[in-house]
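Worksheet: the structure to be examined is printed underneath.
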There are 2 protein chains.
Amino acid sequence: MTVMTGPRHPRRSDALSRARILEAAIEILDTEGEGGLTLRAVTAHLSTGRGAIYHHVTSKDDLLAAAADSIVAAVPGETVRELALGVFEAIDAHPWAGAQLARDPSQPAVLRLWKRVGAALTGLGVTGPARSDAGAALVNYVLGAAAQHAAGARRAADGVSRRDYLEKLAAEWAASDDDELVRESAALLAGHDDRRQFLAGVDIFLAGITR
Amino acid sequence: MTVMTGPRHPRRSDALSRARILEAAIEILDTEGEGGLTLRAVTAHLSTGRGAIYHHVTSKDDLLAAAADSIVAAVPGETVRELALGVFEAIDAHPWAGAQLARDPSQPAVLRLWKRVGAALTGLGVTGPARSDAGAALVNYVLGAAAQHAAGARRAADGVSRRDYLEKLAAEWAASDDDELVRESAALLAGHDDRRQFLAGVDIFLAGITR
DNA sequence: GACATGCTTGGACCGGCGGTCCAATACTCG
DNA sequence: CGAGTATTGGACCGCCGGTCCAAGCATGTC
């Protein structure tokens, strides 16, 4: 009864489509971060209403999973190291994807990663059940490292430089505990390079696999 | 002006405290899952209002981080293997903690894990910068694997048995692609044991650092 | 014992979210 | 040209996290 439908709506000339919506979502995610992706923001971006969006997309999760998949799909690389580094850099550039990938192993993006890692391992001569174990270890490591790095990257994006972020984190750690290990880690944090450390981890796993 | 304060409130006999609130939050998380944790659910559980909760806790994130920390704090183990397995089992029992740990590297629970892993590595004779790299790799692997496993455990908890879940996932995978790797993986999924595979990953890591 | 001060409590309130529904329009095909 | 279908936009719903505040209790001071 209180329903009061507004003005009537001619069909838009720039056709709405799943692809266009995905594109808008990724742009919002990249500029505003994960918290900025709301269906209202998407509708505003595309000058449309919610109903139109839901006609092409089943839910916000659907949108996020598809966005993450398109990021992973664009990662280049054949070998394990190339692939791992590619995923790392993609997530460095799109931190929201790091959180998304860690969320659900059955989403398309993760399946895609599995397949490529599997192929790379085959190229290394690893097959059978050993390949499953090695693949799982690599995928889990890459996703875990990416998620952790992405959380830092998200913070660092808030106008704070990475250096300041690390210094603040080091101070936090040092203040929280007198433990010798923590102090040493906090000191190392200053010259810390996530990317280098990530690759060191990949090499540890590769060393473990190839023997 | 429309403010209409209700009946007056005597101080409760069962004192509210951060510890009691944390306890209630963990119970809700364990029974309802991560989505079930709302401040409204917490107030209902403790028969109080929101203001009282926020007097002891600064935000919902604060509550989640503290809950995860108390889970990690309860994990037993000294060696790398014991520790890793302990975290895995804790997250198997509390899947919401898996998602939470992957969210932010600077939260207390992750710092706690870092310290214990560092000590375990020292026990293995790994020190200096190599310990940082190895520690990062291990922590990232454990958190990544835990997050992925937790997502599965959350699904499996929805009245569906783990076996059914795996079968459905295998069918999904097989249907999505004709790739040989995917089919092989789907077949392996039937007899799959996350825990065994997790430990296999830890062993790959250990083999990688001890050479 | 009286009084002032500060800690604790519960609920009204606010802005915003994801998702559903539906009337109205534009295409498509016989 | 008429019937049926796909598309569109926005009103609406129930819920959420967080803020605010008036009222009541505990405690310290003289």
Side-chain angles (χ1 to χ4, degrees), chain A residues 1-25 28-29 32-68 96 99-100 103-104 107, chain B residues 1-25 28-29 32-68 96 99-100 103-104 107:
Chain A
M1 196 269 122
T2 34
V3 170
M4 211 182 305
T5 304
R8 301 301 156 236
H9 317 293
R11 184 160 298 190
R12 31 190 316 136
S13 53
D14 53 339
L16 216 47
S17 68
R18 188 178 164 92
R20 284 185 63 82
I21 293 172
L22 210 56
E23 198 182 332
I28 293 170
L29 285 164
E32 311 284 335
E34 186 166 5
L37 183 68
T38 68
L39 289 209
R40 281 164 168 84
V42 175
T43 60
H45 213 81
L46 295 170
S47 311
T48 181
R50 232 96 48 73
I53 300 287
Y54 276 93
H55 188 77
H56 298 275
V57 153
T58 68
S59 70
K60 187 185 175 176
D61 275 355
D62 175 29
L63 202 50
L64 257 173
W96 51 269
Q100 174 57 29
R103 205 124 54 200
D104 176 9
Q107 72 184 300
Chain B
M1 196 271 122
T2 34
V3 170
M4 209 183 303
T5 305
R8 302 299 156 235
H9 317 293
R11 186 161 297 192
R12 31 191 317 139
S13 53
D14 53 340
L16 216 46
S17 67
R18 188 176 163 91
R20 285 184 63 81
I21 294 172
L22 210 56
E23 198 183 333
I28 292 171
L29 285 164
E32 311 284 336
E34 185 165 7
L37 183 68
T38 68
L39 289 212
R40 282 164 166 84
V42 175
T43 59
H45 214 81
L46 295 169
S47 309
T48 180
R50 231 97 47 73
I53 300 286
Y54 275 93
H55 187 77
H56 297 276
V57 153
T58 68
S59 71
K60 187 184 173 176
D61 275 356
D62 175 30
L63 202 50
L64 257 173
W96 51 269
Q100 173 56 29
R103 204 126 49 203
D104 175 11
Q107 71 183 302

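Throughout, protein chains are lettered first and strands after them, A, B, ... in sequence-line order, and every chain is numbered starting at 1. The analysis underlying the following values was restricted to heavy atoms, covering all of them including side chains, and did not include hydrogens, waters or symmetry mates.
Summarising the geometry of A:Ala68 relative to A:Gln100, their closest heavy-atom pair is CB-CG, 3.6 Å, with the distance given to 0.1 Å. Taking each heavy atom of A:Ala67 and A:Leu22 in turn, the nearest pair found is N-CD1, 3.8 Å. The two residues B:Ala41 and B:Gly36 make their nearest non-hydrogen contact at CB-O, 3.7 Å. Minimum interatomic distance between B:Leu37 and B:Lys60 (heavy atoms only, all atoms of both residues): O-NZ, 2.8 Å.
Contacts of A:Thr43 with the nucleic acid, taken as non-hydrogen atoms under 4.0 Å apart, are absent.
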Polar atom pairs between nucleotides 15-17 of chain C and protein, under 3.5 Å, N or O only, would you list them?
none

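Qualifying salt bridge (Lys or Arg N to Asp or Glu O under 4.0 Å) partners for A:Asp61, counting only residues two or more places apart in sequence or in other chains: none. B:Arg40 meets the salt bridge (Lys or Arg N to Asp or Glu O under 4.0 Å) test with no other residue; sequence neighbours excluded. With sequence neighbours excluded, no residue forms a side-chain contact (heavy atoms from CB on, under 4.5 Å) with B:Ala44.
A:Asp62 has its CG atom 12 Å from the P atom of C:dT20, to the nearest Å. Going from atom CD1 of B:Ile28 over to atom P of D:dG17 covers 11 Å, rounded to whole Å. Across the protein-nucleic acid pair, B:Glu32 atom CD and D:dC15 atom C1' stand 16 Å apart, rounded to whole Å.
Across the interface with DNA chain D, nearest-nucleotide mapping of B:Gly35 and A:Gly49 shows A:Gly49 to be the residue nearer the 5′ end.
With C:dG19, C:dT9, D:dG18 as the choices, the nucleotide that has an atom nearest any side-chain atom of B:Ser59 turns out to be D:dG18.
For DNA chain C, the neighbouring residues in residues 50-58 of chain A, judged by any heavy atom under 4.0 Å, are A:Arg50, A:Gly51, A:Tyr54.
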Side-chain atoms of residues 49-57 of chain A: list all donor-acceptor pairs with protein atoms under 3.5 Å, sequence neighbours left out, distances to 0.1 Å.
none

